Participant: 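Following this message is one structure expressed as C-alpha cells.
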Protein chains: 2
Amino acid sequence: MAEDKMKLENQICFSLYATTREMTKLYRPLLADLNITYPQYLVLLALWETNPLTVKALGSRLYLDSGTLTPMLKRMEKEDLIERYRSQEDERSVLVGLTEKGRQAEDKAACIPDLLLENIDMSEQEILHLKNTLNRMLEGTKEKGENG
Amino acid sequence: MAEDKMKLENQICFSLYATTREMTKLYRPLLADLNITYPQYLVLLALWETNPLTVKALGSRLYLDSGTLTPMLKRMEKEDLIERYRSQEDERSVLVGLTEKGRQAEDKAACIPDLLLENIDMSEQEILHLKNTLNRMLEGTKEKGENG
DNA sequence: TGTATTTTAATTGTGCACAATTAAATAGTA
DNA sequence: TACTATTTAATTGTGCACAATTAAAATACA
C-alpha cells in the first residue's frame, strides 16, 4: 500500500477542514431569515437547551474561548437575541440569557435541522455513525489538548 | 427513536465543526518549526504536489476563494515560501510557485502526517473509512453549492 | 472589427478563531 | 488576617473565511 501521506488527497484533516466549511455554507441561506451566523446559531442551540449559561460554560460546550465569544455575544446582544449580566454569586462570571426575541427564534429555527439534512445525501444510519466517530475523535483530543 | 434534532449533541455539523478545530490545534505545535499556519500548510501541500499552480487552481483544490488566498499568499511570499507572478499566456492568472525555501520545507514537514496521526486514537482502517465518508459528503455539496 | 460577456484576482468589509496578556474576583493558605 | 494562587472575562493583535464589488484581460459573437 504505502500511500503518500503528504498528498492532500490522503489527509483526513483536510477532508474535515473542507467538509466543515462546505457544510457551514449550506446553513447560510437557512439562517438568513434569523439574520445570524452559524457560530451564533450554535450559541442559540446551547441556550435553548440550558438558559442561562455562563460564558465559561458556553465556551466548554462549543469549544470556544472568551476571545471568540465576548465579541460574538456583544453582537448578539446588539441584535437583542441575548442579554449578558454578571452573576450575583460570583462576580467573575458573566451569564448569557435569552431575550424574548431569542426565545422566539427557536420556533423559526425548528425546521433548520431537517432542511439541512435534505442537502446531505446520506442515510440516517450513516450520519449517526459519522457523528459517533467524530465525537470519539473529539473526545480523544481532550487527553492531549488543554481543553476544559 | 425521535431524537430532539435541536440538541447540539445530535447535530452532525456541530461534531464536524468542533472536531475540525480541535484537529487544527493539534497541528499548531507541529507547524511551529516551519512558522506557518494550517491553511498555509495546505497551500504548501498542494504546491508540493504540483508546482506552480494558479490562484484559481489553488482555490479549487482547497475550496478557498481569492478573498482568502490573496492576503494569505502575500504573507507566505513575505516569508519567502512562495513567489507570485502573472501568467504569460493569460495575464488574468497569477501563478504561485515554490521558492527554494518553500521546496526545502517539504523535508522538514515529512514527519508531520505521522506525528499528527499519533494523536488520533483510531485504526488506519477507521480513519480511511471516515475520510471516504467525508469526501463523499463533500462531493455531494457540489451539486447544491456553487463551488468550482 | 467592435462590443458584450465571462473569467480571473484583488479589494472591501464583516465576523469568527485563537494565543497572549490584563484585570478583577474568589479561593486557598500560612 | 494578609498574601499567594487560581479562576473568569475582556482585551489586543494576527490570521483566516467569505460575500460583494471592482478592474483588467480574454473570449464570444453580432
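Computed from a predicted model, the values in this text were never measured in an experiment. Numbers restart at 1 for each chain; the letters A, B, ... are given by sequence-line order, proteins then strands.
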Participant: Inspect the contact between B:Glu126 and A:Arg136 and indicate whether a charged nitrogen and a carboxylate oxygen are less than 4.0 angstrom apart.
Facilitator: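 The answer is yes: the pair qualifies as a salt bridge.
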Participant: Do the side-chain N or O atoms of A:Arg84 get closer than 4.0 angstrom to the phosphate oxygens (OP1, OP2) of D:dA10?
Facilitator: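 Affirmative; the distance criterion is met.
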Participant: Set out, in order, the CA-CA distance, both residues' side-chain angles and the distance that settles side-chain hydrogen bond (donor to acceptor under 3.5 Å, both in side chains) for A:Ser87 and A:Ser93, then state yes or no.
Facilitator: CA-CA 6 Å; A:Ser87 162; A:Ser93 294; 5.4 Å; no
Participant: Identify, between A:Pro39 and B:Pro71, the residue whose nearest nucleotide on DNA chain C lies closer to the 5' end.
Facilitator: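 The residue closer to the strand's 5' end, by nearest nucleotide, is B:Pro71.
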Participant: Would a hydrophobic clustering, with Ile, Leu, Val, Met, Phe, Trp and Tyr connected at side-chain separations under 4.5 Å, put A:Leu69 with A:Tyr85?
Facilitator: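 No, A:Leu69 does not connect to A:Tyr85 through the hydrophobic network.
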Participant: Is there a side-chain contact between A:Arg75 and the phosphate of C:dC16, meaning an N or O under 4.0 Å from OP1 or OP2?
Facilitator: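 For C:dC16, OP1 or OP2 has a side-chain N or O of A:Arg75 closer than 4.0 Å.
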Participant: Send over the distance from A:Leu73 CG to C:dG15 C1', rounded to a whole Å.
Facilitator: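 Those two atoms, CG and C1', are 13 Å apart.
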Participant: Whole-Å distance between D:dC16 P and B:Leu62 CG?
Facilitator: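 In whole Å, D:dC16 P and B:Leu62 CG are 12 Å from each other.
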Participant: Provide, to the nearest angstrom, the distance between the CG atom belonging to A:Asp65 and the P atom belonging to C:dC16.
Facilitator: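 Computing the A:Asp65:CG to C:dC16:P distance gives 13 Å.
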Participant: Hey, can you tell me if A:Tyr63 and B:Phe14 have their rings parallel, tilted or perpendicular (30° and 60° cut-offs)?
Facilitator: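 Rings of A:Tyr63 and B:Phe14: tilted, 30 to 60°.
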Participant: Any salt bridge (Lys or Arg N to Asp or Glu O under 4.0 Å) involving residues 60-80 of chain A? Give me the pairs, sequence neighbours left out, ordered by first then second residue.
Facilitator: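 Residue pairs with at least one partner in residues 60-80 of chain A: A:Glu49-A:Arg61, A:Glu77-A:Arg84.
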Participant: If I take atom CD in residue A:Glu79 and atom P in nucleotide C:dT14, what distance separates them, rounded to the nearest angstrom?
Facilitator: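 So the two atoms are 13 Å apart, to the nearest Å.
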Participant: Of all the choices, D:dA9, C:dT8, D:dC16, which nucleotide is nearest to the side chain of A:Ser93 once you look at every atom?
Facilitator: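 My answer, after comparing the listed nucleotides, is D:dA9.
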Participant: Between B:Asp114 and A:Lys5, does any NZ, NE, NH1 or NH2 come within less than 4.0 Å of an OD or OE carboxylate oxygen?
Facilitator: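 So A:Lys5 pairs with B:Asp114 through a salt bridge.
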Participant: Pick out the pairs of N or O atoms, protein on one side and nucleotides 23-26 of chain C on the other, that lie under 3.5 Å.
Facilitator:
unit_1	atom_1	unit_2	atom_2	d
C:dT26	OP1	A:Glu91	N	3.1

Participant: From C-beta outward on A:Gln40, which listed nucleotide comes closest to its side chain: D:dG15, C:dC16, C:dC18?
Facilitator: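 Between D:dG15, C:dC16, C:dC18, the one nearest the side chain of A:Gln40 would be C:dC16.
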Participant: A:Val94 has a side chain; which of D:dA9, D:dC18, D:dC16 sits nearest to it?
Facilitator: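 Given the options D:dA9, D:dC18, D:dC16, the side chain of A:Val94 is closest to D:dA9.
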Participant: Counting only side-chain heavy atoms from C-beta out, which of C:dA19, D:dA10, C:dT8 sits nearest to B:Lys56?
Facilitator: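 Nearest to the side-chain atoms of B:Lys56, counting from C-beta on, is C:dT8.
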Participant: Once you round it to whole Å, what is the distance between C1' of D:dT14 and CE of B:Met72?
Facilitator: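 Rounding to the nearest Å, CE of B:Met72 and C1' of D:dT14 are 14 Å apart.
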Participant: Pick the closest DNA chain D nucleotide for B:Gly67 and for A:Leu69 by heavy atoms, then say which residue is nearer the 5' end.
Facilitator: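 By nearest-heavy-atom nucleotide position, the 5'-most residue is A:Leu69.
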Participant: Are B:Tyr17 and C:dA17 close enough that a side-chain N or O sits under 4.0 Å from OP1 or OP2?
Facilitator: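 Yes, such a contact exists.
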Participant: Taking 4.0 Å as the cut-off, does a side-chain nitrogen or oxygen of A:Lys74 come that near to OP1 or OP2 on D:dT11?
Facilitator: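 Answer is yes, contact under 4.0 Å.
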Participant: In whole angstroms, how far is the P atom of D:dC16 from the CG atom of B:Leu31?
Facilitator: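 Those two atoms, CG and P, are 11 Å apart.
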Participant: Under 4.0 Å, heavy atoms only, any strand: does A:Thr54 hit a base, just the sugar-phosphate, or nothing?
Facilitator: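 The answer is sugar-phosphate, as A:Thr54 gets under 4.0 Å only of primed atoms, P, OP1 or OP2.
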Participant: Rounding to an integer number of Å, can you tell me how far A:Ile36 CD1 sits from D:dC18 P?
Facilitator: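 So the CD1-P distance, A:Ile36 to D:dC18, works out to 18 Å.
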Participant: Measure from the side-chain heavy atoms of B:Thr68 and tell me the nearest of D:dT8, C:dC18, D:dC16.
Facilitator: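 Selected nucleotide: D:dC16.
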Participant: Hey, is the side chain of B:Ser66 pairing donor to acceptor with the base of C:dA10 inside 3.5 Å?
Facilitator: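 Donor-acceptor pair under 3.5 Å: yes.
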Participant: Would you say the rings of B:Tyr17 and A:Tyr38 are close, in the sense that their centroids are separated by under 6.0 Å?
Facilitator: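 Ring centres of B:Tyr17 and A:Tyr38 closer than 6.0 Å.
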Participant: What orientation do A:Trp48 and A:Tyr41 show, parallel under 30°, tilted 30 to 60°, or perpendicular over 60°?
Facilitator: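 Rings of A:Trp48 and A:Tyr41: perpendicular, as their planes differ by over 60°.
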Participant: Using a cut-off of strictly less than 4.0 Å, decide whether A:Thr37 has a side-chain nitrogen or oxygen near OP1 or OP2 of C:dC16.
Facilitator: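 It does, given that an N or O in the side chain of A:Thr37 lies less than 4.0 Å from OP1 or OP2 of C:dC16.
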Participant: Which whole-number value in Å describes the distance from B:Lys25 NZ to D:dG15 C1'?
Facilitator: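 Interatomic distance, NZ of B:Lys25 to C1' of D:dG15: 15 Å.
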